[in-house]
There are 2 protein chains.
Amino acid sequence: MSTVAKAISLLEMLGRGEPELALADLARHAGFDKATTRRLLLSLMEHGLVEQDEGTRRYRLGAGLGRLALMREAQFPFLRTAAPLVEALATETGETVHLSEYSRRGLITVHVVESTKANRVSVALGELLPMHATASGIAFLAFTEDRIRDTILAGPLPAFTPFTVSSAAALAEQIAAARARGHSIGSQGFEEGVQSVAAPILGADGLAIGTIAIAAPQVRVLEGDIERYGAGVADAAHSIGERLVGRRSLPERRRA
Amino acid sequence: MSTVAKAISLLEMLGRGEPELALADLARHAGFDKATTRRLLLSLMEHGLVEQDEGTRRYRLGAGLGRLALMREAQFPFLRTAAPLVEALATETGETVHLSEYSRRGLITVHVVESTKANRVSVALGELLPMHATASGIAFLAFTEDRIRDTILAGPLPAFTPFTVSSAAALAEQIAAARARGHSIGSQGFEEGVQSVAAPILGADGLAIGTIAIAAPQVRVLEGDIERYGAGVADAAHSIGERLVGRRSLPERRRA
DNA sequence: AAATGCCGTTGCAAATAGTGAAATGAACAT
DNA sequence: ATGTTCATTTCACTATTTGCAACGGCATTT
C-alpha cells in the first residue's frame, strides 16, 4: 500500500463517522502504527487537508479540501450547471431528486433536493452509491466504457435487500434494458420500499459522467408515474449534458 | 519532502491554472521525475482525487475531492450556516460580501455574493487571501492564537500595492486596532482602489475560525459607511459564530 | 515516406523516506 | 497518590520510493 494511499484512507476515515477522531482510534481502525498515522496526519495538516483541535488533540477534515473542491468546481462546473435542473425536476415531481457524479470509487451524491412530503426518500450528501444496486448505478453503467462495466460485472455484487440484483447475468440484462430505454428503473435494490428512476448525464465523448435520479416511496408510485419520471430524468440529464459540454472551457480534445 | 506532501502539491498544481495538465507539464513544474509524478497521480486517481481524460491522457482534479469536502461540511456546517448571513448582508449593503475560512495555508474564500452594481469588487471562490494585506486577514489575526500571529509577523510581508502594510510594526498596530474595534479596516492593501471591512467569526474557544468581509470600490465608500459596514460585519460574524457553536454536533471538549 | 521530437509508460538498481517497537511525558480516572 | 491511557519522540531497520534509461506510440517535419 503506497504512502499516499494510506494518507487518503485516513481522510476517508475522518469523513465517515464521527466529526473528530483521536490518533489512537485512527491508527487502530486503519491498522497503521500510531507513529506512522501521526506523521501522515502531520503531512496532511501541513497542507490544510486535516485540522487538529488544539484542546482535545483530535483530528478532523480540514478547510483545504473545500478549497480544492471549489477549484475543481471552477474548472468543471458540474454542480453549478446541474443544480437548477435538479431543483426544477424536484418541484415538478414533488419527489426527492438527487444528482451524482462518477468517481473511481463509485457514484458520489453531490446534490439532493428532498421531497416536501412527510413520507419521503432521504439521500445523504456525499454518499457513495453502489453501481449494481441503484437506478443511478445502472444508468451510469449503461453509458460508460466497457472496461468499467466489465469490472463491476466481474466484481462482487453484495445484496443490500432481498431485492438487490446480485447475479451478473441479471445485472447485464438490466443495463441493456436501461441503454435501450435511455433511463434505468431501480426497485428496492438498495433500500426496501424505494422505487427510483435515473438517467445518465453524458459528457463530450458521449460517455456518462454522472446521473440524475428521482427516488420515491414505492407506495406513492402510481401507474404511469415511472414513465413520466423516466422522461423527466432523461430530459433533465440531456439538458445538463448539453450545458456542460457547451460551457466547457477546456481546450478541444485530440480525438473528439 | 514527504511523499504525501508531493502528492498534495500535485493537487494544488492541478487546482491553480489550467483545468487539465499533461504529465510532462506537471512533472516539470513540480520538479519531480516523470515516473514519480505518474505514480503519485496513479495513487491519487485510485481514490478519485484526480481524474484522467481518456482521450488526451491529461489530468484534472477528481470528484472525490468534492465528496470529502461535502463530508466535512456535513460534520462542520460552516458554509451552510454562514451563507444566509452573507447574503443578507450583501442585500442590505449592496456591496460585495465574502466569507472566508482559516486553513494552514491562509484564509480561503468559501462564499461570495457580488454587488449588483457595475463597478464592483470581484473575489474568486477558493482564493487564498494573504493575512497581512487584507481586512479579513487582519481581523483574523486579531482574534487568533499568538503562535499564528507571531508566525505571520515574523514572516515576509510582500507588498501587493504601494499601500500594502509591509512592516511588522505597522501590521501589529493594525491588528491591535482591529482587536480593540472588533472589526478591521483594509485600504487598498491587496488591490488598488478597494476598501474593505471585516470581522472575525469566533469558534467555541473564542478564537477566529474565519471572517466575513465587505469589499467596495473606494470611490463609493462615503462618510460614515465604514462605521456602518463595520457594525454590519461584526453583527453578522457574531450571529454566525453563535449558530455555529450552538449547532455544533461535536462532543464537548476536555478543556472548554 | 522516413525521420524527428515529444510524450506516456515500464523495468531495475540505488537510496531515501517511511516504518514500528519502545521509551517519555502529560493528562485523566480511580 | 497510583495506574491507565494517550500523544509524542527517538532510532535502527527495511521497504517503498526514486530517477535513469530504454521502449513504443503519436504527431509533426523534412
OP1, OP2 of [N] versus side-chain N and O of [X]: anything below 4.0 Å?
X: B/Thr36; N: D/dG19; answer: yes
X: A/Thr3; N: C/dA17; answer: no
X: A/Arg38; N: D/dT9; answer: yes

Interatomic distance, [X] [atom1] vs [N] [atom2] [rounded to whole Å]:
X: A/Leu26; N: D/dT8; atom1: CG; atom2: P; value: 12 Å
X: A/Asp53; N: D/dC6; atom1: CG; atom2: C1'; value: 15 Å
X: B/Arg57; N: C/dC6; atom1: CZ; atom2: P; value: 20 Å
X: B/His29; N: C/dC7; atom1: NE2; atom2: P; value: 12 Å
X: B/Lys6; N: C/dA17; atom1: NZ; atom2: P; value: 6 Å
X: B/Leu42; N: C/dG11; atom1: CG; atom2: C1'; value: 15 Å
X: A/Leu23; N: C/dA27; atom1: CG; atom2: P; value: 17 Å
X: A/Arg39; N: D/dC11; atom1: CZ; atom2: P; value: 13 Å

Between A/Val165 and A/Leu157 the two heavy atoms that sit nearest each other are O-CB, 4.5 Å
Taking any heavy-atom pair under 4.0 Å as a contact, classify A/Ala24: base, sugar-phosphate, or nothing. sugar-phosphate
Comparing nearest nucleotides in DNA chain C, the 5'-proximal residue of the pair B/Arg28, B/Asp33 is B/Arg28
Between A/Arg60 and the options A/Glu18, A/Glu54, A/Glu20, the salt bridge (charged side-chain N to carboxylate O under 4.0 Å, His left out) test singles out A/Glu20
With distance as the sole criterion, is a donor-acceptor pair present between the side chains of A/His47 and B/Arg105 under 3.5 Å?
-> yes
Please determine whether a side-chain nitrogen of the Lys or Arg among A/Arg149 and A/Asp146 lies less than 4.0 Å from a carboxylate oxygen of the Asp or Glu. yes
*asked:* Would you say CD of B/Glu145 has more than 12 non-hydrogen atoms from neighbouring residues, nucleotides or ligands within 6.0 angstrom?
replied: yes
Per nearest nucleotide of DNA chain D, the residue lying toward the 5' end, B/Leu40 or A/Lys34, is A/Lys34
Judged by nearest nucleotide, the residue sitting upstream toward the 5' end of DNA chain D, A/Asp25 or A/Met1, is A/Asp25
